[in-house]
Amino acid sequence: MEQVLHIVGGGMAGSEAAWQAANMGVRVVIHEMRPKVGTFAHRSGHFAEMVCSNSFRSDDDERNAVGLLHWEMRAAGGLIMAMAEAHRLPAGGALAVDRDPFAAAVTEKLLAHPLISTSFEEVTELPSDGHWIIATGPLTSGTLAEAIRAETGAEALAFFDAIAPIVYAESVDMSVAWMQSRYDKGETVEEQTAYMNCPMDKAQYEAFIDALLAAEKTEFHEGETAGYFDGCLPIEVMAERGRETLRFGPMKPVGLTNAHRPDVKAYAVVQLRRDNKLGTLFNMVGFQTKMKYGAQTAVFKMIPGLENASFARLGGIHRNTFLNSPTLLDDQMRLKSKPHIRFAGQVTGVEGYVESAAMGLLAGRMAAAEILGRDLPPPPPETASGALITHITGGAEAKTFQPMNVNFGLFPPIEAKGGRRGRKDRYKAYTDRAKAAFTAWLS
Ligand SMILES: Cc1cc2nc3c(=O)[nH]c(=O)nc-3n(C[C@H](O)[C@H](O)[C@H](O)COP(=O)(O)OP(=O)(O)OC[C@H]3O[C@@H](n4cnc5c(N)ncnc54)[C@H](O)[C@@H]3O)c2cc1C
């Protein structure tokens with residue numbers, strides 16, 4: 001009997017997954033709850049609706065990781081990229097699109113495909129058999145989310161993210177910062193020196209608090225309740241509760257000795273913790289924030305040691321349903337406990353339209369290959385899509401897992417000259433290596 005691939009959610013990921021699988025010759029049913037059941041962010045019944053900005057970000061495939069992801073998706077015959085190109089708006093180096101005709105065009109292409117059919121109903125349970133991809137996104141409906149939670153456990157499915165900024169390790173000034181865990185805790189030297197520490201004196205701390213309080217903040221979207229939990233309050237909210245709150249919270253200086261100036265006790269310390277196995281990325285511990293991006297960069301560069309920091313990702317707090325993928329999914333994006341179900345898109349803990357569509361592309365191809373009895377390994381980690389899937393299915397620290405967008409910190413490092421010029425050359429080396437590896441994977 002012909003095997004069918006069921007895809008739940010016709011967003012960025014579900015649309016791309018359906019297109020890829022159908023083009024490999026597999027029959028697909030897309031289950032989409034809109035327009036019958038809406039979300040607070042979607043406005044139409046179209047597939048692949050862009051719920052907020054109309055940008056797919058940088059289109060530079062030579063020196064930018066998201067531009068490289070565009071390139072890979074184009075090389076794989078991606079529908080989202082093709083329709084974005086067809087409805088492109090002038091936006092300098094960015095790929096901005098005319099959102100309504102874009103979504104209408106994706107919908108038209110999927111509805112016209114002879115192997116794709118649709119069911120406009122909400123899926124409320126996890127299916128017990130068949131081949132499934134769940135791509136229901138950050139606003140997965142409540143009933144389905146509860147069913148997923150019942151399967152994965154409450155700790156493994158989050159309803160809000162609390163993203164602390166992530167910096168490239170190489171951009172931290174280690175003549176100011178030093179490596180040490182609080183009270184040198186840990187059995188091994190690696191554990192005793194797990195954190196980067198950035199010290200502040202009193203004047204620096206007071207100026208930092210003033211800047212935090214004055215910085216521009218983003219508001220929650222309408223319909224997004226501000227569900228802060230006391231364990232992950234935005235740092236500016238902590239600062240509003242009292243000027244000393246941070247010094248007794250995430251910035252407490254106790255148990256740390258400045259390796260460069262052991263005789264000087266820091267008034268406050270910002271700690272950064274390793275964010276990936278490669279050790280290329282470090283997150284700012286406890287620094288989840290709703291400050292606007294521009295304000296974040298300005299305020300965080302006031303921290304001694306971070307004056308020239310490069311940010312792989314800035315902070316944020318959003319309504320966002322996502323799995324603890326590093327513990328739950330295998331490298332084929334299958335739920336380990338129910339391998340007939342794959343997950344794709346933002347619900348797997350990637351962030352953004354492009355990353356979600358890219359994970360849909362991989363899930364669609366992998367599911368179709370499985371149905372066709374073929375073996376399809378994930379793309380190698382040297383590629384943008386391979387770096388992302390490697391990160392979410394195992395490269396990320398599971399305990400502190402938060403959604404991730406694509407960036408060069410996820411790639412196996414390449415040695416190259418330092419400085420600004422060196423960095424540009426290195427990014428070009430990353431993208432050259434990725435293109436060759438992705439082309440080989442495709443063939
Ligand atoms: C308010 C908000 C603003 C955002 N702004 C941006 C931005 O500016 N730029 C950016 O890159 N990203 C933004 N994002 C993230 C964005 O949602 C994702 O990048 C992208 O849309 C995720 O793609 P996806 O396919 O995983 O999910 P979606 O595109 O959301 O698609 C999921 C689909 O599943 C459907 N669905 C949900 N539950 C069920 C169910 N039980 N049964 C059937 N269908 C179901 C939904 O109706 C939806 O069509 C934003 C997210 C939110 C919530």
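Bear in mind that the values here come from a model prediction, so they are computed numbers and not experimental data. In each ligand, atom 1 is the first atom listed, and ligand 1 is the first ligand listed.
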Distance under 4.0 Å to a non-hydrogen atom of [X]: what atoms of ligand 1 satisfy this?
X: H31; value: 43 (C), 44 (N)
X: A13; value: 25 (O)
X: A135; value: 32 (C), 33 (C), 34 (O)
X: V8; value: 42 (N), 43 (C)
X: G9; value: 33 (C), 34 (O), 35 (C)
X: L144; value: 41 (N)

Nearest candidate to [atom], where distance is taken over non-hydrogen atoms, out of [options]:
atom: atom 41 (N) of ligand 1; options: T321, V123, V350; result: V123
atom: atom 47 (O) of ligand 1; options: E32, H318, H42; result: E32
atom: atom 27 (O) of ligand 1; options: G137, A145, A41; result: G137
atom: atom 23 (O) of ligand 1; options: G360, G45, G345, S356; result: S356
atom: atom 18 (C) of ligand 1; options: Q346, E351, M359, E355; result: Q346
atom: atom 29 (O) of ligand 1; options: M12, M33, R34, E16; result: M12

Is [X] close to ligand 1, meaning an N/O of one under 3.5 Å from an N/O of the other?
X: G352; result: yes
X: S53; result: yes
X: S141; result: yes
X: T140; result: no

| request: Go through the steps for R27 and E2 under the test salt bridge (charged side-chain N to carboxylate O under 4.0 Å, His left out), then give the verdict. | output: CA-CA 8 Å; R27 197 166 285 283; E2 189 183 21; 3.0 Å; yes
| Can you name the ring-ring contact (aromatic ring centres under 6.0 Å, His included) partners of H340, sequence neighbours left out? |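 So H340 forms no ring-ring contact (aromatic ring centres under 6.0 Å, His included) with any residue.
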| Side chain, backbone, both or neither: which part of V51 comes within less than 4.0 Å of ligand 1 when only heavy atoms are counted? |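 Contact part for V51 vs ligand 1: side chain (C-beta onward).
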| task | Please state which part of V37 comes within less than 4.0 Å of ligand 1, counting heavy atoms only: side chain, backbone, both or neither. | result |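 Contact part for V37 vs ligand 1: neither.
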| 4.5 Å side-chain heavy-atom contact, Q271 and M196 |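 The answer is no, as the side chains (C-beta and beyond) never meet within the 4.5 Å cut-off.
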| field | Pairwise side-chain contact, E62 with K435, heavy-atom cut-off 4.5 Å (strictly under) | value |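 Touching, per the 4.5 Å side-chain cut-off.
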Are [X] and [Y] ion-paired here, with the side-chain N under 4.0 Å from a carboxylate O?
X: E370; Y: R342; value: yes
X: D61; Y: R74; value: no
X: E355; Y: R57; value: yes
X: E397; Y: R273; value: no

| query | How would you list, by chain and number, every residue that makes a salt bridge (Lys or Arg N to Asp or Glu O under 4.0 Å) with E151, sequence neighbours excluded? | reply |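 Salt bridge (Lys or Arg N to Asp or Glu O under 4.0 Å) list for E151, sorted by chain: K338.
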| said: Pair R243, D210 - check salt bridge (charged side-chain N to carboxylate O under 4.0 Å, His left out), show working. | reply: CA-CA 9 Å; R243 296 184 70 88; D210 287 340; 3.0 Å; yes
| query | Do H31 and E121 have side-chain atoms, one donor and one acceptor, less than 3.5 Å apart? | reply |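 No, because no side-chain N or O of H31 sits under 3.5 Å from a partner of the opposite role on E121.
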